[in-house]
Amino acid sequence: MSREKSVHRRTVLRAAAGTGVLLTLSPGLLLTGCDGGVKAVESETLGLDSDEYDVELNLHAMPDSVPILPGAPSEVWRYRAELLKGPQNTVTENPDSYLGPTIRLRHGQTVKIHIHNELPEDTTVHWHGLHVPSDVDGQPRLPIRPGETMTVGFEVLDRAGLFWYHSHAHGKQGGRVGFQSYAGLAGLLIVEDEEEAGLKLPSGDNELLLVLQDRTFAGNNELVYMGGGRGSMMDRMHGFLGDRVLANGAPPTTRKVATRPYRIRVLNGSNARIYKLAWSDGRPVTVIGADGGLLQEPEDRPYAVLAPAQRLDIWVDLSESQPGDTLELISDRFQAGMMGGMGMMGSNALPLGSRFPLARLEVSKSVEASEPLPAQLGVQRQKIPVNRNTRIRSFELSPVMMRGFAINGRRFDGTNVADDEKVRLGDTEIWEFHNSTPMPHPMHIHGLQFNVVGRRGGNSDSLQQGLVDSGWHDTVLVMPRETVQVAMKFERFDGLYIYHCHNMEHEDAGMMRYFQVQS
Ligand code: C2O
Ligand code: CU
């Protein structure tokens, strides 16, 4: 059977069954994915409650129709925002894309956001990477029902960095993060601060933002998520891989650039795909930042690995180039444990670890620019000190027959927290993830940024030199058979938070748990 046909067959079958494989949805076709949990009240503000906020905005989650490929527009779910108060550059729409508006905040600002759910099912908005109170974190325990509004308030406590926001709905029938994010519910959130501004890194037109996602389309440009039968079983095990890559919600394009340095800030907003970022001419990738902002100093790598939900900040100097030169940012070939070579990924036109272009830079003009890369970058936030006495908490990532993966033998169980998932406010701990599965898991911890202490074991040969472990992170890639230690401090906020695998299909299938910060 040709691929085309099988997509079509699945489409028809699943649409009839009402499970929403295709995103050509009328609301009636969708199951409501989330139930249970506390109802959010419209009149109050969760989190920081104050009379005065520096920034206030409306954020709508809504169905829409957006051209992605040539031809018919695609049905999507997406965010739209209206700035009610605050600096004009707080909200930048991405009008030609399903991506949510880019939200630009400054360290120290107080922010109030009214989230309007105009979708046919429950949703939440998670501010991925931000240090915010538990009730503001967009957790599944606080779903926003269709037609309802939730207002959240918080202070921007993080230092400068590239963060993002996306849906985090999970009900009794399972997770909807994969589906809703895939449908388009994701956007960038940038935090700026004095330290970063003082470095005078390329900005404005010289700062390129790049959101990488993979998608599969059916014949009339309908987005297709998860196959039926055997396909969906494989999708659940490995995570969903689309058969083409989109950059900022469109096929990769050529960007005209000048002979000067650029800052390229990349988010992996894919459900499950890992990227191996490299330059087409083999020059090193100069990494200046990760999830939680700038590194202490730039690092040259032959390539840089970007797992789902991770961000990388890359500096590239084109001042030696000539008009007419081109340079491609690519994802290079790799083997990811057992995952890479799997024949059963054969149904996918773009297997994990294939080589493909992400963006093309075409030098179109010469300019005189002397903006050397500073030797010292983000030095103000000191690494979390750890020593022999720092408590180590271990988490085993293991397979569960036919049902995905577990953390210490447990799967998602609402807000139930086991004894070994309770931590003390103010404590510093090392969390150790041991991966006893044959596939990589990008582990994410909510509400904080951590340092990677070290790795041992594992099977990451073709990715090893590109794992950026310095600096601050909220998501760390744990390779097959590998043990990774991360250090964190539980500061300021007590309450419930979440840790999980950010392969969204793993997460939705239950590779996620709450933990509790106790004061
Ligand atoms: Cu990016 Cu729990 O999420
Ligand atoms: Cu996983």
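Note that ligands are numbered from 1 as they come in the structure, with each ligand's atoms numbered from 1 the same way. All figures in this text were calculated on a predicted structure; none of them were measured in a lab.
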message: Can you see whether F334 has K276 sitting over its ring - NZ or CZ less than 6.0 Å from the centre and within 45° of the normal?
response: no

query: Name of the H166 N, O or S atom nearest atom 1 (Cu) of ligand 1?
result: NE2

message: Using the ring pair (Phe, Tyr, Trp, His ring centres under 6.0 Å) definition, which of the options H473, H500, H506, H168 pairs with H444?
response: H500

query: Is H444 close enough that one of its N/O/S atoms sits under 2.8 Å from atom 1 (Cu) of ligand 1?
result: no

task: Answer yes or no for C501: is there an N/O/S atom below the 2.8 Å cut-off from the Cu ion (ligand 2)?
output: yes

task: State whether D135 and R141 are salt-bridged, where the test is any N-O pair (Lys NZ or Arg NE/NH1/NH2 against Asp/Glu carboxylate O) under 4.0 Å.
output: yes

- prompt: What N/O/S atom of H128 is the closest to atom 1 (Cu) of ligand 1?
  reply: ND1

message: For F412, does the six-membered ring have the charged nitrogen or CZ of R513 within the cation-pi criterion, i.e. under 6.0 angstrom from the centroid and within 45° of the normal?
response: no

message: Can you confirm whether more than 12 heavy atoms, excluding those of R355, are under 6.0 Å from its CZ atom?
response: no

task: State the atom name: nearest N, O or S atom of H446 to atom 2 (Cu) of ligand 1.
output: NE2

message: I'd like to know if E207 pairs up with R104 as an ion pair, taking the criterion as any Lys NZ or Arg NE/NH1/NH2 lying under 4.0 Å from an Asp or Glu carboxylate oxygen.
response: yes

- prompt: For H506, what is the atom name of its N, O or S atom nearest to the Cu ion (ligand 2)?
  reply: ND1

- prompt: Can you give the angle H168 NE2 - atom 2 (Cu) of ligand 1 - H500 NE2, rounded to 10°?
  reply: 110°

- prompt: Restricting to N, O or S atoms of H441, which is nearest to the Cu ion (ligand 2)?
  reply: ND1

